[in-house]
Amino acid sequence: MSTNTAITEPLQRAAAELLSEGKVAVVIGYGMDGDSSFSPPLFAREPQEAERLVFDDRCFGNLSVYLSKDHIRRMGKIGIVVKGCDLRAVNVLLREHVVKREDVVLIGVPCAGQGDPLLGKCSVCEQRNPQGCDIVVGDPVEQPQIDAAQRYSEAADIDAKSIEERWEFWSGQLSKCIRCYACRNVCPLCYCKRCITEKTVPQWIETSAHLRGNIAWNVARAFHLTGRCVNCGECERACPMDIPLGAINQKMAQLMDERYDFQSGLSSEDKAPFTTFNVDDPETGIL
Amino acid sequence: MIKLTIDGQQVEVEPGRTILDAAKLAGREIPTLCHHPAVPPAGACRICVVEIVAGGRPGLVPSCAYPAQDGMEIQTCSERVLQSRRMTLQLLLARSPGSEVIQEMAAEHGIKEIPFPKQTGESGDDCIMCGLCVRLCQQIVGASAICFDGRGPDRKVSTPYADRSDVCLGCGACAFVCPTGAIDPAEYCPNPIEKIPNEFNCGLDSRTPIHLPFPQAVPNKPLIDRENCIRFKTGGCGACADICPAGAINYDMTDEFVEEDVGAIIVATGYEIMDPSVYEEYGYGRYPDVVTSLEFERMVSASGPSNGELTRLSNGKPPKSIVFLQCIGSRREKNGKPYCSKICCMYTAKHTILYKHKVHDGQAFVFFMDVRAGGKNYDQFVRRVVKEKQATYLRGRVSKVYARGDKLMVRGADTLSGTQIEIAAEMVVLAPALVPSSGIRDLSQKLRVGYDEHGFLLEAHPKLRPVDTNTAGVFLAGACHSPKDIPESVAQAGAAASKALGLICHTRLSREPTIGIVDESSCNGCFECEGVCAYGAIGPRELTDKKGNLLATVAFINEGLCQGCGACAATCRSKSIEVQGYRDDQLFAAINAIHR
Amino acid sequence: MIQQASDSTDNSKWQPRIVAFLCNWCSYAGADLAGMSRFAYPAAIKIVRLPCSGRVDPMFIIKSFEQGADLVLVSGCHPGDCHYTSGNYHARRKLLAFRELMTFLGIDPRRFKISWVSAAEGAKWSSLVKEITAEVIALGPFENYSKLRAGGIAE
Amino acid sequence: MPDECSANETKTLIPLDYMASKMRIVSITDETVDTKTFRLEFCDPLKGEQFIFRAGQFGLYSVFGAGEATFCIASSPTEKGYIECSVKRTGKVTNELHQCNEGDIIGFRGPYGNWFPIDQMQGKNLLFVAGGIGLAPLNSLIRNCLDLRDQFNDISILYGARSVDDLVYKERLEAWQQMEDVQTLYTVDPGGETPQWKGEVGFVPTVLTNMKPEPDNTSVVLCGPPIMIKYVLVSLVELGFSPESAYTTLENRMKCGVGKCGRCNVGSLYVCKDGPVFRCSDLEALPKEF
Amino acid sequence: MNSAKVDEQTLYQAATGWLKSAVDILLGAGVEVIAPIETDPGVVELAAVNSSEAVALDYVNARLPLKRLLFPVTEVLLEYEKQSDGDVDVKSEPAASPKDVVVIGARPCDVAALEALDKVFHWDYDDVHYSGRREGTTLITFACTKPGPQCFCTSVGGSPHNSAQSDVLVFLEDDGRALLQVCSDKGAKFVDQLGDVAKPAPAGSKLPAPPEVKARFEPEKVKQWLDESFEDDFWADVSLKCLGCGACSYLCPTCHCFDIVDEANWHSGQRRRNWDCCSHPMFTKHASGHNPRPDQASRCRQRVMHKFKYFPERFGQIACVGCGRCTRACCVGQNLVSILTDIETRAKGGANCDA
């Protein structure tokens, strides 16, 4: 672990300034916590609290999840520390009217990747330098070129299996699911006031943690994120049962990319693939 | 007001008006050359002289420039006046012997010979040095592109240093006002003057920037074409405002968006004709005498570009033989429109008659696929045309039109006799396919009305609801729906109007109950539903507490617009939209019941 | 365990079960026309009528499999013909993506069919149903899911 | 109450397998537009004979396939051979229940929970205050007390609902009104009255204040929406009642009904076991999580 | 459950290879053997084994706690089938005619947690599903040799050598030998079954010293503060980052909240019991829409209060065994230990330091 002082110091200054000038009610960033293996979220509400903000290579979380939380929004205008990848989620939230641009101050941090060794998603990150933030602290980092094959390599590994092998694999993985819904609750885009699992009339998704219910839940989750998921990987990180949820999300992202030339969250102006159509969309496999 | 007497007649004019203005009011005609109502007077040509008899300093004055004064007594054709004019005309005739205007004016004044030598060649031209053009260019157009150049006999109207000047706008106003037609702006204008094609006459003639859109337009008022008007191009001119007696011209008026809340919309965007130049074999665009039926219609119209005189565009002579070609692009599966344009058979029959009215000894031929005369008395009309030899009907298609000399050779097949024929025609009239108005797709997307592969708008049901669309409250009339002739269009328009009235005459709207309903307690307000709604039925609704504080913005389905397709319900992740009659729990029960 | 009435995977007794979600205006009318025109088709297919193929939520399909469907069919108007102008275009995007998701998870994509059948295509409907019924008989019972059904859940 | 059963005590445990007894719906009464009263009989006659409960206790009713839901038993323990429950349509189970017909079979387990301390009320005046569907648990107690009429002094019933249409047990209300030894006062919220309405118009706490009940030797039992209970308590205190003499019921969400699922905890209490009947004075000590 | 108290702690010793023999003997006797096995890379889970080979020995703790064997994540309570005459055939899921199960290798904290579960499932009403399994389960616990950084059992009255609820507590030695401490009749029966594999240890044999687990806080102090701090702002502050994901509760060896749901098709169905979690907003939400615990602050408070105040008040013990799973699982670093140490600081009147 190494604290990135080139970012941490200007970050602390910027946050303290925003707070002391009353431009934001809270700055959501990362803080240091001796006990945990990563830098957890920190909510600075007073200028002096900004001193506890930090940026290092253990800032795993996607803080944009808090933008949809009522108890955070009630505080007032939010300043939020975003890595380039987190910004994609913010863009989707903006597009879906979850937050208004004027209600949030985006503090961008250039990020050369998280984790040691680098997290999988960071090694194929194409958004190392956040675009369109109100404030960017620190200097831009080098952005390697990533091609589509690298971008979706995890999904490709599973795609390479036969259909039977895939069933074998996924029924094993999904059997583990205990339906704690951690994947849902940490997802910045799973902000529904009432999750489909909580609607009981009718109960589309069985809540029992048997494979039947688990498939229904995970299919619904993946499908509700199709064309929206920004592959931040929080679901997989949160899953206490270590189910490779990211691969499913990646597969659907790959599909949207290949089929509709769409990558979620690159702009807040895009139309989600499922809210629009093209008369000439591919339709192979339709009888 | 100023009171004066002109030729013994009392008139009243406003202060500041000239004697010429007063004379007009009195109904006395005074000849003018250098005068133009929009241009400040100069009194240069002295044709307009009148005699002040009393009430001022007696003598001859130019009426166009001399202000009317109270108590004046004016004579407009006293012998003294006429003598002066004759002298002036003699001098003008000597300078510009070729000018028709001067010649006519001189003749009116009984001048046969002149005592001066007529100037010819370099020094003699039609310009009478009145300077109207110069004053116009400087003071009205504001371009100052032309001026007088040289002295004495060398004096002439020219550009500075006689160069082609970028200052010249190419507006052509100088030529327009020149009393003798002496100016050709092309001599000094760097940008050739483009005539503004008259759209209504298919560009067969030109129009001015101020024009009537078409004869009998409603309202029948002229409009300014801002793209071509000098005023809008340079900020100069404004002559029309100066001279409009009603003060009706207001340059500040702009196009504006007008929003109206309406209960129904009738789409009647009509048709356009397809461009037949895509079919090279017919030579349209290549030979001036190949015209479309619409151009022909204008050419034979009394209000058309040639005032109803039918002449060949190539040489201005009446066409002695004419060939009408049917189904240009219509009923053509490949590279065309597969549908029948429906109106061509009948208007072509009419055109043959009109042709015979214009060119009595002319010969008309019609190439047709088959004659579709399905309206009331239509077939009888076509039969009359054939029977009365107004036209020779040939069943078959034309393979090629080409020029030979000043004739157009039309080569085609007569499938009834099974022979190849070639007709030497002087004019060829094409009946191109009808297509929907350009922009219909944008409009249909705005209105959420379907359209077919050709762009014609879709009716709700071909037999049972031919006037309705699938979007409630939007109705169709005329050719936007499919090619239609006048009686059909009128009938459909009437039906559409009745449908619209039937809809809006009630105080409450009744409709199918199958519509979407939003559960506001769980709606996230992401508005993905709005994106999939084909009817624009979904919009935002703000939920507030009792104090008016905004709690949430949620989706709201306009029950008047919703058609109940359920795309929104399938899109809603939180399952906050239910379609009445196809609710989730109903479908769940249906799925469950299958596996009984 | 209570014996399940008809989810036996015994091939000798097994009858295929196809759940079809049809749009009201085209495919349902097409199926209707097939009936009126006396085009016979297998009774294995059970129809749920919807206003539009755009109404289909993937949960319908999952639920059908959970309840014992061996094959699910969604059928709507041909592209451009949607009564609601664009419902089938949206359905096309979503359902094809859903099929990819199924495939990725190892659920046989041959178990989920999409078709366009217009109100005039009674004959197409009849041959389509014959075709997919033959296919599902060849595929056999959908064991991946039938093993997950109530009473036989692997936990 | 908390000391009633402590985990440290060795006592005979009742085996619990969550089995639901089958009951047949014998009659259905529409109370309001979204409330129905079901009269149920055990399919197994023996169970019916053995079944005893006390007023205030609840059961878990289930529609097979939809799930279980908790309702108080609305009939009186003195009425044998059947039980009644009144159900407002709010969720999945209640929806399904409302779609049931007479003769259908549903599941039941219970009775669970504590009960109104009817023994301690003997010889006292009784004041029942109910709002809306809150009359259901009181109905059981009122019917019980009326069946044992001579054990109590004056009995007064104050019942209010949002509108005339929202009044439940209309026939029974009528019957109570006819009784000479019961004082009844029925009210609807302002705006909820109809031209035919002959009762009071006003909110329950206001009507209660005007009613001026005698606090001495009176037990009060309250049931209704939380907001009503809150203000009725204020009125009662103003009238000289002590919170110790008032009882009410809590309706926290429950799944097991027997203190295991952890859903109905309010502090260290379990509404399903330590309740649903609480003394109003005891509620004040609880965390406000009900 | 440990009905007969063992008078003297009886110590046995077992030679290298004892585990293989033990597993073979048990399997041979038709007993289901549950042991730690590596299911995912670096992840150990308690699961049925067919041989001793798969058994993992080097691990801090299983990913899911022992509770899931006795109180599964989902289980059938009853099944029903609708009859054509309108009747319904309802059958209680036979409460597992107690099958003999031996769990080898659970950690002392997980096993100690059963004390709390026992109390919940056996008070007043005896949950036959739980107790049936509990009855038939013999717990051969492996004493902790290498506690994890998040472990804090010593703070909540446990220890790496806690024998509470264990039938046998096993002290593994590096060379494969082991000391077996018999703690109950069931344990004695197990050791009997092993025959020669386990011999009584020579008198004076000493148990190894437990590894150190740092004590982080005093639960009494925590409770003192909790008693007075229901309305404290602390709860809003501490819950800021909590996403209510529930991973902590699902992995907690003492959390026991559950949901009961029906799952059905047209004619038949099951009533099931599933794990549930007080962090989820729907947990307490009434059908009317009223929610007694409407925000994350009140739900966080409930979780801490329940474990350290309500449960002790009701059942006389803390509902936490210090296994540290909640802390490990939390993806926002909502660290239960730091919440509790913070509370302790407050209880001592210390500075206001944010968790």
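Order of the sequence lines fixes the chain letters, A, B, ..., with proteins taken first and strands second; residue numbering starts at 1 for each chain.
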For A:Asp261, look at atom CG and say whether over 12 heavy atoms of other residues, nucleotides or ligands are found less than 6.0 Å away.
no
If you take all heavy atoms of B:Gly525 and A:His97, which pair is closest and at what distance?
O-CB, 3.5 Å
Less than 4.0 angstrom from a charged side-chain N to a carboxylate O is my criterion; do B:Lys575 and A:Glu198 meet it?
no
Say you draw a straight line from CZ of B:Arg573 to OH of A:Tyr191; how long is it, rounded to the nearest 0.5 Å?
4.0 Å
Does the distance from a Lys or Arg side-chain N to an Asp or Glu carboxylate O, for A:Arg95 and B:Glu530, drop under 4.0 Å?
no
B:Ser576 versus chain A, the contacting section by heavy-atom distance below 4.5 Å
both
What do you reckon, is CD of B:Glu280 surrounded by more than 12 foreign heavy atoms closer than 6.0 Å?
no
Of the listed residues (A:Thr197, A:Thr276, A:Ile196), which shares the most heavy-atom pairs with chain B below a 4.5 Å separation?
A:Ile196
Give me the atom names and distance for the closest heavy-atom approach of B:Asp519 to A:Arg194.
OD2-NH1, 3.3 Å
With a 4.5 angstrom heavy-atom cut-off, which part of A:Phe277 approaches chain B: side chain, backbone, both or neither?
neither
Which heavy atom in B:Cys523 sits nearest to a heavy atom in A:Lys193, and how many Å separate them?
O-NZ, 3.0 Å
Looking at SG of B:Cys526 and CG of A:Leu93, how far apart are the two atoms once the value is rounded to the nearest 0.5 Å?
11.0 Å
Atom pair CH2 (A:Trp204) and CG (B:Asp585), whose distance is rounded to the nearest 0.5 Å:
9.0 Å
Near A:Glu21 CD, under 6.0 Å, is it more than 12 heavy atoms from other residues, nucleotides or ligands?
yes
Whatever's closer than 4.5 Å to a heavy atom in chain A on B:Ala552 counts as side chain
Part of A:Arg228 lying under 4.5 Å from any heavy atom of chain B:
side chain
What do you reckon, is CD of B:Gln586 surrounded by more than 12 foreign heavy atoms closer than 6.0 Å?
yes
